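Some notes on the structure that comes next.
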Number of protein chains: 2
Amino acid sequence: MTQRSTTRSTTRSATPGRRAGPEAAPTPLRPETRAEGFRQARHARRIELSEDYVELIGDLIRTVGEARQVDIAARLGVAQPTVAKMLKRLADEGLVLQRPYRGVFLTAAGEVLAERSRQRHRVVEAFLCALGVSAETARRDSEGIEHHVSDETLDAMRRFTARAGKASDGR
Amino acid sequence: MTQRSTTRSTTRSATPGRRAGPEAAPTPLRPETRAEGFRQARHARRIELSEDYVELIGDLIRTVGEARQVDIAARLGVAQPTVAKMLKRLADEGLVLQRPYRGVFLTAAGEVLAERSRQRHRVVEAFLCALGVSAETARRDSEGIEHHVSDETLDAMRRFTARAGKASDGR
DNA sequence: CCCGATTTATAGCAATGGCTATAAACAGTC
DNA sequence: GACTGTTTATAGCCATTGCTATAAATCGGG
């Protein structure tokens, strides 16, 4: 919870006696309503890195048996110290557990978040494929989109993918 | 261009003689390939704020006749000094023009970016509606998604929306 | 023409997420 | 058991994007 009272002087779109012309604002604009979406997007931006990390860590443990900083760094395309700092934050948040010079492990909470992210990621990627975009594009776009998809939209995607027959998401 | 040589020791998933078990990595993982998506997402995160601002400024000018900091702040759900600082950056980037204590205006470049963002935003929102999610959710999710949609995916969305009959995006 | 209210500008703080450079720990080899 | 090469840890540094608090400018009425 970062900002709170931001909606102070807020609204009243067409200010009293200012140089705005014809009363302005027909209807399409409603400050607080729009702010909702932006707030949601900002929030998503805040947590998406955590999600990316735990998801990747889960993948690494599953496939290579362990999650090392160098591997995480290579896959995220960032430097190792960046990963180290991030892991410290994730540890503070109780998502991972790291023993110095040994590996990184997911806590129960981390496991949950990782699984949820992975799930969502797969749904989005499969959906994009079903929609007709190339596998390459689906993979890249889904990386950014997955964090901004609400449960409702996710459901719609799931339904569409299933209906699209290909059974890509299947299972 | 921020990072460059990040792919130093990079790859070779299963390190020489480490405690990883059976050579590891069956195939699904390819460090550099995954990094692509993350890099793209990070880049999108960098510019999406600019896009939000110019898009909103364009909307305000069009509907209320002018774009004032208080209105921008209210609609984005942030404090006014945050907007002031951001506008300075946008001015540096040549996207807006601000005369102190008067309003904010879009430069030609800003106009272009605003229009493109607005377009994309509308396509995504209409697409989500066509997909079957509620208007409310479509509005909120599209705010976050629009920045992560490549041209290819955008085309696919456009096609789907049109095909879906409703002619929502049509215009 | 001055007063109060609104709006904009500015200063300073904090958290986040990148980076490089370097030191410390570890693993494997000889 | 010491050497070499990875890997992790740590210490700066910088840019970004939020915030509060406060000062300066502008606007609308009296």
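Each chain gets a letter, A, B and so on, in the order its sequence line appears, and its residues count up from 1. In this text the structure is predicted, and so the values were computed from the model without any measurement. Values below: all heavy atoms of this structure, side chains included; hydrogens, waters and symmetry mates excluded.
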Between B:Lys88 and C:dT10, does any side-chain N or O lie under 4.0 Å from OP1 or OP2?
yes

Residue B:Val78, side-chain atoms from C-beta onward, closest of D:dG18, D:dT8, D:dC13:
D:dG18

Out of D:dC13, C:dT7, C:dA11, which nucleotide sits closest to the side chain of B:Pro81?
C:dA11

By nearest-heavy-atom nucleotide on DNA chain C, the more 5' of B:Ala67 and B:Arg45 is B:Ala67

Could you tell me how far apart A:Asp92 (CG) and C:dA15 (C1') are, to the nearest whole angstrom?
13 Å

For a quick test of reading the model: is some side-chain N or O of B:Arg89 closer than 4.0 Å to OP1 or OP2 of D:dT16?
no

When the distance from CD of B:Glu48 to P of D:dT17 is rounded to whole Å, what number comes out?
10 Å

Atom CD1 of A:Ile72 to atom P of C:dG17: distance rounded to whole Å?
15 Å

I want to verify a distance call: between D:dT8, D:dA9, D:dC13, whose nearest atom is closest to the A:Pro100 side chain?
D:dA9

In whole Å, what is the span from the CG atom of A:Leu90 to the C1' atom of C:dG17?
12 Å

Send over the distance from B:Gln98 CD to C:dT8 C1', rounded to a whole Å.
10 Å

Integer-rounded Å distance: C:dT8 C1' and B:Met86 CE
18 Å

Establish whether A:Ile61 and A:Val96 are linked, either directly or via other cluster members, by ILVMFWY side-chain heavy-atom contacts under 4.5 Å.
yes

Looking at the base of D:dA24, is there any donor atom on it, or on the side chain of B:Tyr101, that sits under 3.5 Å from an acceptor on the other one?
yes

Any donor-acceptor pair under 3.5 Å between the side chain of B:Gln80 and the base of C:dA9?
yes

A:Leu87 or B:Leu49: which one's nearest nucleotide on DNA chain D is closer to the 5' end?
A:Leu87

Kindly assign one of parallel, tilted or perpendicular to the pair B:Phe127 and A:Phe127, based on the angle between their ring planes and the thresholds 30° and 60°.
tilted

Out of C:dG18, C:dT20, D:dC19, minimum distance to the side chain of B:Arg42 belongs to C:dG18

Checking A:Leu106 against A:Val54 for the side-chain contact (heavy atoms from CB on, under 4.5 Å) test, could you report, in this order, the C-alpha distance in whole Å, the side-chain angles of both residues, the deciding distance, and whether it holds?
CA-CA 7 Å; A:Leu106 293 176; A:Val54 294; 4.1 Å; yes

Report the C-alpha separation of A:Arg45 and A:His147 in whole Å, then their side-chain angles, then the decisive distance to 0.1 Å, and conclude whether the side-chain contact (heavy atoms from CB on, under 4.5 Å) test is met.
CA-CA 8 Å; A:Arg45 251 174 269 158; A:His147 306 285; over 6 Å; no

Nearest heavy-atom contact between B:Ala109 and B:Gly94 is CB-O, 3.9 Å

Under 4.0 Å between a side-chain N/O of A:Thr82 and OP1 or OP2 of C:dC19, yes or no?
yes

Taking CG from A:Leu76 and C1' from C:dC19, how many angstroms apart are they, rounded to a whole number?
15 Å

What is the separation between atom CZ on A:Arg39 and atom P on D:dC19, rounded to the nearest whole Å?
9 Å

